[in-house]
Amino acid sequence: MAMPNVIPKSQIEAILSVPPYTVTDPRQVSKVSSKHPIASSIFKSSLNIIFYCDKPTDDEEGPGWVAAGWIMESLSIAFKDHPLLSGRLRRCEDGHGDLEIVSNDSGARLFEATIPISLLDFLALEDVEMAESQLVYWKDIDELTPQFSPLFYVQVTNFQCGGYSIGISCSILFADVLITDNFLQKWAKIHSDILPKDKEPKLPIFYLPNLKAPRANLNGLFPSTTRERDSQAVIYKINTTTEMEDVALICLEEAEKKLGKGKTSSEFVLLVKESPKVINVQNWKKSEVGKSHLENDEVELNSVDLKEYMGMNEVSFTEGSKPTTVSYWIDSGDGGVHAIAVPSYDKMGDSAELSIIVIIPFQNQIIN
């Protein structure tokens with residue numbers, strides 16, 4: 001039986017920065033080619049994932065606090081191979097207003113929080129999908145000073161029962177890293193490997209109860225722009241890496257049918273990872289995309305579940321203990337229709353396969 005719709009509020013207890021374990025040298029740079037201002041929906045969009053974990057044993061001390069402490073170390077190690085995740089979006093130095101993501105080691109943000117409800121009662125809430133915005137932290141990229149805005153956040157939330165959640169939010173600009181590069185699995189493996197294997201429990205260096213100052217309300221100092229679940233997403237595996245605009249439109253129309261949305265907006269934003277070092281963001285009108293020559297068997301669409309495709313249910317931060325529940329959603333930013341083309345690249349840097357993620361907001365039903 002679902003609980004009444006009283007959404008509890010999480011309380012931020014601590015905030016840490018997580019840079020790569022070693023200095024990134026040379027710096028990595030990914031150009032973001034876009035005529036959209038930083039305040040537009042595509043730069044507000046984020047991929048949000050929540051792993052729910054039960055208290056492992058009755059005698060373990062503060063399992064959520066312990067997990068957060070080890071995350072501080074494991075995430076830092078994981079960033080060594082993916083330093084852009086801990087970098088920043090900035091304007092290029094040539095003065096032309098172009099954008100780029102640079103691996104300047106500024107770090108991701110790790111939030112530790114509590115929430116006044118048990119894990120079981122939280123999952124039984126009538127509007128649990130609305131309440132999940134309390135378990136992830138996201139802050140829209142600042143339009144004037146983007147170089148100070150993190151692009152990757154983790155929030156570990158302790159429930160009253162001893163269970164906890166690991167909430168991850170990252171800029172949609174990193175869709176390829178999380179989706180095709182299997183970053184979550186790599187990070188979880190590192191995390192599991194660094195945990196102590198002896199019977200005597202060992203606390204991490206960053207164990208909050210040993211370091212925490214007297215209680216202070218940090219929520220007001222670090223307001224979040226995390227939005228409630230506002231869209232649905234469908235991912236397609238494509239047997240061609242050419243004509244991405246045309247293929248994206250085909251996928252968009254298929255997603256409309258699959259989700260029963262009818263016709264959506266006449267415009268959509270297409271984000272394409274053109275190469276490992278270039279991201280292209282464009283605004284398209286459906287009428288401007290000609291796909292007649294692709295309306296045949298040369299384009300084979302295979303719809304897959306994003307959770308299954310990313311292996312979310314297989315991610316385990318503790319050896320032999322998978323999360324009890326996994327939830328995810330893609331925040332569309334401000335209600336726009338998005339298509340994200342994510343080619344996978346072989347060792348030679350050539351595109352080998354194409355994934356298209358279509359994001360359609362719940363309320364988007366009108367033809368403009």
Where is the tightest heavy-atom contact between E73 and P204, given as atom of each residue plus distance?
OE2-CB, 4.2 Å
Between atom CG of D181 and atom NZ of K186, what is the distance when rounded to the nearest 0.5 Å?
5.5 Å
Distance-only polar pair, side chains of E13 and T114, donor-acceptor under 3.5 Å
yes
Closest non-hydrogen atom pair, R88 against S149:
CD-O, 3.0 Å
Check the pair I357, I330 against side-chain contact (heavy atoms from CB on, under 4.5 Å), reporting the backbone distance first and the verdict last.
CA-CA 10 Å; I357 307 168; I330 298 178; 3.9 Å; yes
Is there a continuous path of hydrophobic side-chain contacts, each under 4.5 Å between heavy atoms, that joins I194 to W65?
yes
side-chain contact (heavy atoms from CB on, under 4.5 Å), that's the test. Do K9 and Q134 meet it? Break it down for me.
CA-CA 6 Å; K9 302 296 183 183; Q134 294 294 314; 3.7 Å; yes
Hey, what do you get for CD (Q155) to OG (S169), rounding to the nearest 0.5 Å?
8.5 Å
Quick one: CD1 on I356 to NZ on K237, what's the gap to the nearest 0.5 Å?
11.0 Å
Presence of salt bridge, D127 and R229, under 4.0 angstrom
no
Between F174 and L84, is there a side-chain heavy-atom distance shorter than 4.5 Å?
yes
Validation row: F43, S171 side chains within 4.5 angstrom (heavy atoms)
no
Quick one: do the Q28 and S103 side chains pair a donor with an acceptor below 3.5 Å?
no
More than 12 heavy atoms of other groups within 6.0 Å of K277 NZ:
no
Just wondering, do S165 and F159 contact through their side chains at under 4.5 Å, heavy atoms?
yes
When you check the gap from the basic side-chain N to the acidic O, do R27 and D105 get nearer than 4.0 Å?
yes
Looking only at non-hydrogen atoms, find the nearest pair between I49 and V136 and report the distance.
O-CG1, 4.2 Å
Would you say that more than 12 heavy atoms from the other residues, nucleotides or ligands in this model lie under 6.0 Å from the NZ of K31, or not?
no
Taking K139 for its side chain and P223 for its backbone only, find out whether a donor-acceptor pair lies under 3.5 Å.
yes
Would V29 end up clustered with L271 when hydrophobic side chains under 4.5 Å apart are linked, directly or stepwise?
no
If you apply the rule salt bridge (charged side-chain N to carboxylate O under 4.0 Å, His left out), what do you find for R227 with D140, and how did you get there?
CA-CA 10 Å; R227 286 167 282 269; D140 288 339; 2.9 Å; yes
Distance-minimising heavy-atom pair for A108 and S86
N-CB, 4.1 Å
V154 and F111: side-chain contact (heavy atoms from CB on, under 4.5 Å), yes or no, with the steps?
CA-CA 6 Å; V154 178; F111 286 75; over 6 Å; no
If we only count heavy atoms from C-beta on, is the V272 to I279 side-chain gap below 4.5 Å?
no
For residues G64 and N158, report the shortest heavy-atom separation together with the two atoms involved.
CA-OD1, 3.0 Å
Any non-hydrogen side-chain atom of F152 less than 4.5 Å from a side-chain atom of F183?
yes
So OG1 of T145 and CG of L89: to nearest 0.5 Å the spacing works out to 11.0 Å
For S224, give me all partners under side-chain hydrogen bond (donor to acceptor under 3.5 Å, both in side chains), at least two apart in sequence or on another chain.
T226
Less than 4.5 Å apart, side chain to side chain, heavy atoms only: is that true for I7 and M130?
yes
Does any non-hydrogen side-chain atom of H191 lie less than 4.5 Å from one of W70?
yes
dist L125:CG -> E132:CD (nearest 0.5 Å) comes out at 10.0 Å
Minimum heavy-atom distance between P196 and K202, given as atom pair plus value:
CG-CB, 3.8 Å
Hey, is the main chain of P83 close enough, under 3.5 Å, to the side chain of T24 for a donor-acceptor pair?
no
Spell out, yes or no, whether V177 and L99 are grouped together once hydrophobic residues are joined by side-chain heavy atoms under 4.5 Å, including indirect joins.
yes
Evaluation steps, side-chain contact (heavy atoms from CB on, under 4.5 Å), between D331 and I172
CA-CA 9 Å; D331 179 6; I172 204 67; over 6 Å; no
Flag the pair W138 / T225 as yes when at least one side-chain heavy-atom distance between them is below 4.5 Å, and no otherwise.
yes
Before giving the answer on ring-ring contact (aromatic ring centres under 6.0 Å, His included), spell out for F79 and Y21 the whole-Å C-alpha distance, their side-chain angles and the decisive distance to 0.1 Å.
CA-CA 7 Å; F79 281 157; Y21 194 73; over 10 Å; no
Are Y236 and L270 co-members of a hydrophobic cluster defined by side-chain heavy atoms under 4.5 Å apart?
yes
Return the orientation label for the F122 and Y52 ring planes: parallel under 30°, perpendicular over 60°, tilted otherwise.
tilted
Measuring centre to centre across the rings, with the benzene-like ring taken for any Trp, is F222 within less than 6.0 Å of Y137?
no
Please check if L144 and I38 belong to a single hydrophobic cluster, counting links between Ile, Leu, Val, Met, Phe, Trp and Tyr side chain heavy atoms closer than 4.5 Å.
no
Report the distance from atom CD1 of I168 to atom CH2 of W187, rounding to the nearest 0.5 Å.
4.0 Å
